[in-house]
Amino acid sequence: QSALTQPASMSGSPGQSITISCSGTSSDIGRYNYVSWYQQHPGKVPKLMIYDVSDRPSGVSNRFSGSKSGNTASLTISGLQPEDEADYYCSSYASGNTLVFGTGTKVTVL
Amino acid sequence: QAQLVQSGADVKKPGASVRVSCNSSGYYFTGYYIHWVRQAPGQGVEWMGWMNPNSAATKYGQNFQGRVTMTGDTSISAAYMELSRLTSDDTAIYYCVRDRGGSKAFDIWGQGTLVTVSS
């Protein structure tokens, strides 16, 4: 099972919006609506930000939104804030009752 | 509140095995799958497998087949991950995580256990 493909880095100014892509296949993202996104600050444990493609856990800002089209999922961060600077990972349920993570994206707030 | 607390850091020699424990509290242990993931220094997150505490069923990632064993002890609400035939490539932080149920999304994370493989 190969890792899902994410851009290595993205950046934006405070207040801007950015969209992180997560590219998979018809055996994972394209087949199941079980895409999740995690935020990880340096030295910290990852935090669940989005599950089931577009649902937000309680307490997660509505500036974070998720979507999916075909074999590609996306995470959009609106109104970028300094505290959004972190690494972001997507994950997807995959065939064979397995799971796969993305390669990770480092977001920098300029 | 629900939490997962893992065992402390460990140092192993190549070829050895390591066992990481994960103690749960604040929720019904047998009601949620436990997954294990790892993160090598400066690298991304890698899924290792899951264990169903209710049935003891497991599913392992292809990269770990034959080398990993995931078990649980419902009497003390604990999960365990044992990885054998360690190499330096296994140096990583190992996390136990709770599957929130049905979504394969991880809502509760252990604090992580650093396993260092070095001769």
Side-chain angles (χ1 to χ4, degrees), chain A residues 1-9 20 22 24 27-29 31-60 66 68 73 75 86-106, chain B residues 1-6 9 20 22 24 27 32-52 54-65 68 70 81 92-114:
Chain A
Q1 187 78 39
S2 299
L4 306 173
T5 302
Q6 299 180 233
S9 63
I20 304 169
C22 173
S27 295
D28 39 64
I29 293 177
R31 177 170 294 185
Y32 306 103
N33 288 322
Y34 292 138
V35 177
S36 303
W37 289 89
Y38 301 87
Q39 175 192 65
Q40 185 180 33
H41 289 110
K44 301 297 186 182
V45 175
K47 174 187 176 184
L48 179 64
M49 304 300 284
I50 295 287
Y51 66 94
D52 291 356
V53 177
S54 59
D55 289 342
R56 277 187 310 276
S58 174
V60 171
K68 187 187 92 166
L75 173 71
D87 293 328
Y88 291 84
Y89 295 93
C90 60
S91 74
S92 174
Y93 184 56
S95 58
N97 206 356
T98 61
L99 188 137
V100 61
F101 276 94
T103 50
T105 299
K106 182 178 180 62
Chain B
Q1 73 281 20
Q3 63 175 348
L4 298 170
V5 178
Q6 300 180 220
V20 180
C22 172
S24 73
Y27 75 95
Y32 300 83
Y33 282 35
I34 291 287
H35 296 240
W36 291 86
V37 302
R38 74 178 185 179
Q39 188 170 32
Q43 302 301 308
V45 181
E46 182 178 20
W47 178 76
M48 299 180 69
W50 57 254
M51 188 270 299
N52 179 350
N54 190 47
S55 66
T58 56
K59 179 71 175 184
Y60 303 137
Q62 224 171 2
N63 292 344
F64 302 96
Q65 290 275 3
V68 70
M70 297 176 186
M81 186 282 297
I93 298 175
Y94 290 77
Y95 295 99
C96 61
V97 295
R98 188 184 84 165
D99 184 335
R100 67 180 299 278
S103 299
K104 302 301 183 282
F106 306 144
D107 60 347
I108 306 293
W109 290 64
Q111 82 277 21
T113 296
L114 175 62

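Because the structure is a prediction, the values reported are computed rather than measured.
B/Glu46 touches chain A through its backbone: at least one of N, CA, C or O sits under 4.5 Å from a heavy atom, while the side chain does not. Neither the backbone nor the side chain of B/Val97 comes within less than 4.5 Å of any heavy atom in chain A.
When side chains are defined from C-beta on, B/Gln39 does not count as touching A/Phe101, because their heavy atoms never get closer than 4.5 Å. Counting heavy atoms from C-beta on, the side chains of A/Pro46 and B/Tyr95 come closer than 4.5 Å. The shortest distance between side-chain heavy atoms of B/Phe106 and A/Leu99 falls below 4.5 Å.
Of the listed residues A/Tyr93, A/Tyr34, A/Tyr38, the one with more heavy-atom pairs under 4.5 angstrom with chain B than any other is A/Tyr38. The most heavy-atom pairs under 4.5 Å with chain A, out of B/Gln43, B/Arg100, B/Lys59, come from B/Arg100. With chain B as the partner, the residue from A/Asp52, A/Leu48, A/Ile50, A/Asn33 showing the most heavy-atom pairs under 4.5 Å is A/Leu48.
Distance check, rounded to the nearest 0.5 Å: CG of A/Asn97 to OH of B/Tyr33 gives 6.5 Å. In this structure, the separation between NZ on B/Lys104 and OG1 on A/Thr98 is 10.0 Å, given to the nearest 0.5 Å. A/Ser36 contributes atom OG, which lies 8.5 Å from atom CG of B/Asp99 (distance to the nearest 0.5 angstrom).
Scanning both residues, A/Tyr51 and B/Ala105, for their nearest heavy atoms gives CB-CB, 3.6 Å.
The neighbour count for B/Gln65 CD, taken as heavy atoms of other residues, nucleotides or ligands under 6.0 Å away, is above 12.
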